[in-house]
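These numbers come from the heavy atoms of this one structure, side chains and all, not from hydrogens, waters or symmetry mates. Residue numbering restarts at 1 for every chain, and letters A, B, ... go by the order of the sequence lines.
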Amino acid sequence: MKPTHRESLRHIVLLLPALTIFSAFWLLPMARLVSVGASGEMGVSAYWAVITDPRYFSSLVSTIVLSATVTFATIIISGITGMFLQRNHFFGRRFLLATLTFPLAFPGVVVGFMVILLVGRQGVVGSVTEWLFGEKLVLAYSMAGLFLGYLYFSIPRVILTIMAAAEKLDGALEEAARSLGASPWQVVRDVMIPGLKPALISSGAICFATSMGAFGTAFTLATKINVLPITIYSEFTNYANFSLAAALSIVLGLITWLALALARSMAGSTVAAAA
Amino acid sequence: MDNNSGNPAKLNTVGIRLNACGKTFPDGTRALEPVQLEINPGETVVLLGPSGCGKTTMLRIIAGLEQPDAGGQVFFGEQDVTPLPIEQRHVGMVFQSYALFPNMSVAENIAYGLKVRGMAEVEKKQRVVEMLSMMHLESFAERRIDQLSGGQRQRVALARALAVRPRVLLLDEPLTALDAKLRESLRAEIDRLLRSLKITAVYVTHDQSEAMALGDRIAVMEKGRIAQIGSPREIYYRPATRFVADFIGSMNRVQGMVDGESLQLPSGLLRVGPRVSNEVLFRPEDVRIVSNGEAQLQAKIVSAFFLGDHTRLILDVGNEQTITAETVDRREFKPGDIVPIAVDSEAILFLE
Ligand SMILES: Nc1ncnc2c1ncn2[C@@H]1O[C@H](COP(=O)(O)OP(=O)(O)OP(=O)(O)O)[C@@H](O)[C@H]1O
Ligand SMILES: [Mg+2]
C-alpha cells in the first residue's frame with residue numbers, strides 16, 4: 001500500500017527528533033572531524049600519513065596488537081572463570097561476585113595508578129623481586145604494564161556477560177553429548193563454546209573497542225608505547241596539529257566500528273543458527 | 001523396516017540390575033529409597049508414576065548422570081558400572097526436550113557419537129545413512145534442527161542415540177512435548193523399533209496408556225519406591241496396592257457388612273466369594289447390567305454420560321456410596337432410574 005500524503009507527513013514529523021539528535025551529535029561533529037582531517041597543510045594526505053609515517057603507523061599497529069591480545073586473553077580468562085563461577089557453588093561465591101563489579105567503577109587513571117603500585121618502580125612486585133633476586137622487576141611502563149591495566153578493566157565485564165550466557169546453556173545438551181561418549185574436553189568444544197559463541201563474540205568486540213579507545217590508563221602509565229588515543233592527544237596539545245589528530249581519530253573510529261560491525265554480523269548469524 | 005539387509009543395528013544389548021540404589025540429594029531431598037530392580041536383556045521396562053516420584057532420578061542413576069547413595073550398585077550384565085561416568089557406559093539417551101545440537105545439521109547430530117568415538121569416515125557416513133533411513137529422515141539430512149517439527153526432532157534424537165549401537169536405551173518422557181496425535185504415531189514407531197532391535201530399554205512416562213502400550217513390564221513408582229512391577233496385565237488386573245489400583249485406570253471401592261460370601265448393602269447383596277472383607281474393589285467395566293433375576297444390587301442412576309462407544313454411569317449403591325459403571329448397552333439411561341447390576345466375583349479385588 002502506498003503511503004498517503006498525510007501519512008508520509010506524519011512519518012517525517014515522528015522522525016524529526018531522531019534526525020535532530022543524529023545531526024547534532026553524530027553527523028555534524030563527524031563531518032567537521034572529517035573535514036578538519038583534510039584541512040591541514042597536508043590536505044587529504046593527512047589520512048595517508050597515518051599509514052606512511054612510521055610514527056603514526058607504529059602507534060596504530062601497537063594499539064591494534066595490544067587490544068587484540070588483551071581481548072584474546074580476557075576472553076580466555078573470563079570464559080573459564082565465568083563458566084566456573086556459574087557452575088560451582090562454594091563458600092564466599094556471592095561475595096566474590098559482588099567484588100567483581102567493583103573495578104567497573106574505576107576510571108582509567110585509577111587503573112593505571114594501581115598498575116604502578118603493583119609493578120611500578122616502587123611497586124610490590126618490584127620490592128619482592130629485589131629482595132629475592134637483587135633486581136627490581138618493573139613492568140608498569142612497558143607493553144606488559146598496559147596489558148595488565150587493560151586486562152584489569154576488561155575481565156569483570158566479560159565475566160559477567162559469560163555468566164549470564166552460561167546460565168542459559170541447556171544442560172541436557174551436555175548430558176546428551178556425554179551419553180554419546182564425548183569426553184569433558186569434547187563437550188566444551190562441541191557444546192559449551194558453540195553455546196557461548198554469541199556472548200564470546202559480542203563481549204570480545206566490546207572489550208576490543210574499549211581497549212582501542214582507552215585513554216586514562218595509558219596516560220597515567222605514560223609509557224614508551226604511544227597508543228593511538230595518546231598520539232591523538234599529543235598531536236593537538238603538543239603540536240597543535242589538528243588535522244592529523246582528526247585523521248587519526250577517524251581511523252581509530254573506523255577500525256573500532258568495523259570490529260563491532262563484524263562481531264554483530266557474526267554473532268547474529270550464530271544466534272540464528274542456535275535458535 | 002527390513003531386518004535382514006545388513007541388520008541396521010545389531011546390538012550388543014545387556015540386562016540392567018540395580019542393587020539397593022537410593023538417592024538423597026545434597027539439599028536433603030530423598031528422591032529414591034534404596035531400590036532393587038532387574039531388567040532382562042532386550043526387555044522394555046516402563047517407569048510410571050506421578051510427578052516427583054523419582055522416575056527421572058532412577059533413569060539418571062542407570063545412565064550414570066547421578067551417583068546412587070553409598071551402597072548402591074548398577075550392573076550392566078555382569079559388569080559393575082557404578083564407578084563409570086556416563087560417557088563410558090555406552091548408553092543411548094533420549095530427552096523430553098530432544099537436546100539436539102543446534103549448531104549441527106541432522107546428519108551431524110546423528111554422526112556425533114560416531115565422531116567422538118573416532119569412527120572412520122566411510123563407515124560413519126554409511127551408519128548415518130542407515131539411521132536416516134531407519135527413522136525415515138532421508139530428506140532431512142542437511143536440515144538445521146530449527147527447521148524440523150517436534151516429531152521429526154524426536155526421531156532425530158532416537159536416531160542419534162541408536163547410531164552408536166548402545167547397550168541400553170534410556171528414554172525420559174520422549175513424547176510428552178508432542179501433541180496427542182503425533183504422540184500416538186510416534187509411540188507406535190518407538191514400539192516397532194524396540195521390538196525389532198530387541199534392545200534393553202527403560203522408558204519413563206507418567207502417561208499410563210503409553211506405559212501399557214510399550215512396556216513388557218511396568219514399574220509403578222510412588223514416593224521414591226517401586227510400588228509394583230509386572231506386566232501391564234498384572235498391574236491392571238492384580239494391583240498390589242491401593243496406590244497402584246487408583247493410579248492405573250479407575251477403580252470402584254465399596255464398603256458393606258460381611259454376610260456369608262457377600263457384602264450387604266442397602267441396594268442388595270454383592271457376591272464376593274469365599275474370601276471376604278468389608279471393603280472390595282472392582283473396575284467400572286466389570287460392572288454388568290443384568291436382568292432382574294441375576295441382579296445382585298438395585299442401583300440408582302445418579303448421572304449418565306453417553307460417550308459414543310460406551311455409556312458411563314454414576315450409580316448410587318446405598319450408604320452414600322457411588323460407583324462408576326461402563327457399559328456398551330445401547331439403552332438410554334436416565335438419572336433416577338433403577339438398574340439391576342452384578343459384578344463377577346473373579347473381578348473383585350481385596351486390598352489392604
Ligand atoms: N538435583 C536435585 N536436587 C534436589 N532435589 C532434586 C533434584 N532432582 C530431583 N529432585 C527431587 O527429587 C524428587 C524426584 O525427582 P524426579 O525428577 O526423579 O521425579 P520424576 O518422577 O521424574 O518427576 P516428573 O514426572 O515431574 O519428571 C523430586 O522431589 C525432586 O524435586
Ligand atoms: Mg522426570
Side-chain angles (χ1 to χ4, degrees), chain A residues 75 79 83-94 161-162 164-204 263-275, chain B residues 26-27 56 59-60 62-66 84-105 108-119 143-147 153 156-174 177:
Chain A
I75 290 291
M83 269 319 279
F84 180 85
L85 286 175
Q86 184 57 43
R87 291 290 166 90
N88 293 280
H89 293 256
F90 49 86
F91 179 76
R93 175 176 177 272
R94 289 165 72 101
T161 316
I162 299 290
E167 195 181 1
K168 293 205 194 78
L169 284 182
D170 181 2
L173 287 182
E174 288 158 42
E175 291 178 348
R178 291 179 62 197
S179 76
L180 293 164
S183 65
W185 162 238
Q186 284 167 326
V187 172
V188 170
R189 187 194 61 190
D190 300 329
V191 179
M192 287 189 191
I193 292 180
L196 291 176
K197 203 164 154 193
L200 290 173
I201 290 175
S202 63
S203 58
R264 200 169 307 125
S265 75
M266 274 167 74
S269 61
T270 50
V271 167
Chain B
D27 65 356
T56 297
L59 196 78
R60 290 171 66 84
I62 297 173
L65 287 168
E66 293 301 349
L84 296 185
I86 182 167
E87 51 267 35
Q88 288 165 29
R89 288 199 187 182
H90 208 122
V91 296
M93 266 202 108
V94 178
F95 298 82
Q96 180 178 340
S97 60
Y98 321 120
L100 296 172
F101 306 125
N103 50 324
M104 301 181 199
S105 69
E108 286 167 340
N109 263 279
I110 297 175
Y112 186 75
L114 309 171
K115 190 182 108 187
V116 296
R117 287 179 154 83
M119 185 186 263
R143 288 253 189 124
R144 282 210 321 260
I145 300 308
D146 59 359
Q147 298 168 322
R153 287 180 202 202
V156 176
L158 274 163
R160 181 181 68 177
L162 290 170
V164 296
R165 297 185 178 168
R167 292 195 285 180
V168 302
L169 185 63
L170 308 172
L171 310 100
D172 193 353
E173 311 215 23

Chemist: Highest number of heavy-atom pairs under 4.5 Å with chain B: which of Gly195(A), Ser183(A), Ala176(A)?
Modeler: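 Answer, by heavy-atom pair count under 4.5 Å with chain B: Ala176(A).
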Chemist: Provide the closest heavy-atom pair for Val116(B) versus Ala182(A) in the form atom of the first, atom of the second, distance.
Modeler: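 Reported closest heavy-atom pair: CG2-N, 3.9 Å.
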Chemist: Which residues pass the side chain to side chain contact (heavy atoms under 4.5 Å, CB included) test with Pro85(B), sequence neighbours left out?
Modeler: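 Side chain to side chain contact (heavy atoms under 4.5 Å, CB included) check on Pro85(B) returns Arg178(A), Glu87(B), Gln88(B).
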Chemist: Is there side-chain contact between Asp190(A) and Tyr112(B), with heavy atoms separated by less than 4.5 Å?
Modeler: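 In short, these two side chains touch, coming nearer than 4.5 Å.
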Chemist: Apply side chain to side chain contact (heavy atoms under 4.5 Å, CB included) to Ala172(A) and list each qualifying residue two or more places apart in sequence or on a separate chain.
Modeler: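 Expected list: Asp170(A), Phe95(B), Ser97(B), Ala99(B).
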Chemist: Is Phe91(A) atom CZ crowded by more than 12 heavy atoms from other residues, nucleotides or ligands, each under 6.0 Å away?
Modeler: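 For Phe91(A), atom CZ is not crowded (no more than 12 foreign heavy atoms under 6.0 Å).
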Chemist: Might you point out which heavy atoms bring Ser179(A) and Ile86(B) nearest each other, and give the distance in Å?
Modeler: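 That closest heavy-atom pairing would be CB-CD1, 3.5 Å.
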Chemist: With chain A as the partner, which of Gln96(B), Met93(B), Arg60(B) has the greatest number of non-hydrogen pairs under 4.5 Å?
Modeler: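 Sorted descending by pairs with chain A, the first entry is Arg60(B).
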Chemist: Taking every heavy-atom pair that is under 4.5 Å apart, which of Glu174(A), Glu175(A), Gln186(A) has the most such pairs with chain B?
Modeler: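 Winner by heavy-atom pair count: Glu175(A).
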Chemist: So, do Leu180(A) and Arg160(B) sit near enough that their side-chain heavy atoms are less than 4.5 Å apart?
Modeler: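 SC-SC contact between Leu180(A) and Arg160(B) confirmed.
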Chemist: Top residue by heavy-atom pair count (under 4.5 Å) with chain A, among Ala63(B), Gly113(B), Ala161(B)?
Modeler: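 The option with the most such pairs is Gly113(B).
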Chemist: Answer whether the closest heavy-atom distance between the side chains of Leu173(A) and Pro102(B) falls below 4.5 Å.
Modeler: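 SC-SC contact between Leu173(A) and Pro102(B) confirmed.
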Chemist: Non-hydrogen atoms of chain A under 4.5 Å away: do they reach the side chain of Leu100(B), the backbone, both or neither?
Modeler: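 Contact with chain A involves the backbone of Leu100(B) alone.
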